[in-house]
2 protein chains.
Amino acid sequence: MVVDQLSDAGVDRLFHALADATRRDIVRRTVDGEHSVSGLARHYPISLTAVQKHVAVLEDAGLVVKHRHGREQRVVGNHDALRRAQQLLDELDRLWHGRLDRMGTLLDEDSRGGTT
Amino acid sequence: MVVDQLSDAGVDRLFHALADATRRDIVRRTVDGEHSVSGLARHYPISLTAVQKHVAVLEDAGLVVKHRHGREQRVVGNHDALRRAQQLLDELDRLWHGRLDRMGTLLDEDSRGGTT
DNA sequence: GTAACCTACAACCCCATGGTTGTAGATCAG
DNA sequence: CTGATCTACAACCATGGGGTTGTAGGTTAC
């Protein structure tokens, strides 16, 4: 489970969930503690249903967890998903460093070819 | 000016660009060096036009840079955009740590018979 | 020159997304 | 019980995203 996580379908969901300002804001809020869905909805100029859908997208991506508390549905951020996203970017980042290293090696020894 | 970058529109483009396996693969390839658009297209079972659009999305997000080289359009990854994405995730990550710190403080005060 | 190649762009399809409204089931407060 | 809240879900609409084909303009090779 090391290398090829970049082509996972869950990664699509993860980054797609982050690709919306409202959803990022919900994450920011739920990182800070539990919030009901309707409580969250009061902060945005969109309908409650729209917020419900955003929360569903976040939950599907694993960025958020819901659990019932009486008649409310409490939403709270999930740190693991964020760390997963960070790891994926780090994986790409490592490729860059590898490239830089290879460029240095080329300048140094001038012997090897690339792979395809 | 460091804090509120989470609600920028460019961030939408950045994460949206990363929310597609083909585009992440293009980034992975172009991190490793320059590739022509048609050269990239040969690796995927989709049309050249589709790849052109993916590259355009990546370019719009800043993850990739194009420049002409003869009749070819060379595509190469842009490290800065990736670092920007990493910084945004780190920003969220910091919120989590802040929360954990506060929870620790609460527990601490509670064990001392705090008055909240 | 002609042919082959690389790219750009317009037009079109299909469907997922983000938004809405409306209805209905639980749950809490009185 | 009654009313107010919170949530869920279905139906619908408009827009954009990912894909295609087709046409056209440059650039290299012959």
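What you are looking at is a predicted structure, and each value in this text was computed from that prediction instead of being measured. Chain naming here is simple, since letters A, B, ... match the order of the sequence lines and numbering starts at 1 in each.
Heavy atoms of A:Ser47 sit under 4.0 angstrom from at least one base atom. B:Ser36 comes within contact range of the sugar-phosphate backbone alone, with a heavy-atom separation under 4.0 Å but no base atom that close. Counting non-hydrogen atoms under 4.0 angstrom, B:Arg42 reaches the backbone sugars and phosphates but no base. Within the 4.0 angstrom heavy-atom criterion, only backbone atoms of the sugar-phosphate kind lie near B:Arg23; the bases stay farther away. Among the protein residues, A:His69 comes within range of no part of the nucleic acid, since none of its heavy atoms lies under 4.0 Å from any strand.
Following chains of ILVMFWY side-chain contacts shorter than 4.5 Å, one can reach B:Ile46 starting from B:Leu40, so the two form part of one hydrophobic cluster.
Look at A:Asp12 and B:Arg24 and you find a salt bridge, because one of the NZ, NE, NH1 or NH2 atoms lies within 4.0 Å of a carboxylate O, short of that distance. Between B:Asp80 and B:Arg84 there is no salt bridge, since no side-chain nitrogen of the basic residue lies less than 4.0 Å from a carboxylate oxygen of the acidic one. Here B:Asp32 does not pair with B:Arg28 in a salt bridge; the nearest charged N to carboxylate O distance is not below 4.0 Å.
Residue B:Arg74 is the one, among B:Arg74 and A:Thr22, whose nearest nucleotide of DNA chain C lies closer to the 5' end (criterion: closest heavy atom). Closest-nucleotide positions on DNA chain D for A:Lys53 and A:Arg68 were compared, and the one nearer the 5' end corresponds to A:Arg68.
Checking D:dC9, D:dG17, C:dG18 against the side-chain heavy atoms of A:Gln52 singles out D:dC9 as nearest. Of the candidate nucleotides C:dT20, D:dC6, D:dG19, D:dG19 has the atom nearest to the side chain of B:Ala50. The nucleotide whose nearest atom lies closest to any side-chain atom of B:Thr49 is, among D:dG18, C:dA10, D:dT28, C:dA10.
Taking atom CD1 on B:Ile46 and atom P on D:dG18, their separation rounds to 10 Å, with Å as the unit. The CZ atom of A:Arg24 sits 12 Å away from the P atom of C:dG18 (whole-angstrom rounding). Between B:Leu48 atom CG and D:dG19 atom P there is a gap of 13 Å when expressed in whole angstrom units. Distance B:Arg71 CZ to D:dT27 C1': 6 Å, rounded to the nearest Å. Atoms CD (A:Glu59) and C1' (D:dA8) sit 13 Å apart, rounded to a whole Å. A:His54 places its NE2 atom 16 Å from the P atom of D:dT7, with the value rounded to the nearest Å. The distance between atom CD of B:Glu72 and atom P of D:dA29, rounded to the nearest whole Å, is 10 Å. Atom CG in B:Asp60 sits about 10 Å away from atom P in D:dG17, given to the nearest Å.
For A:His67, the NE2 atom sits in a packed shell: over 12 heavy atoms of surrounding residues, nucleotides or ligands are nearer than 6.0 Å.
For the OP1/OP2 pair of D:dA8 and a distance below 4.0 Å, the side-chain nitrogens and oxygens of A:Lys66 include at least one atom meeting the criterion. For B:His35 and C:dC6, the shortest distance from a side-chain N or O to OP1 or OP2 is not below 4.0 Å.
The base of C:dC5 lies outside donor-acceptor range of the side chain of B:Ser38, with no N or O pair under 3.5 Å.
Of the possible polar contacts, none joining the A:Asp90 side chain to the A:Asp93 backbone as a donor-acceptor pair under 3.5 Å is found.
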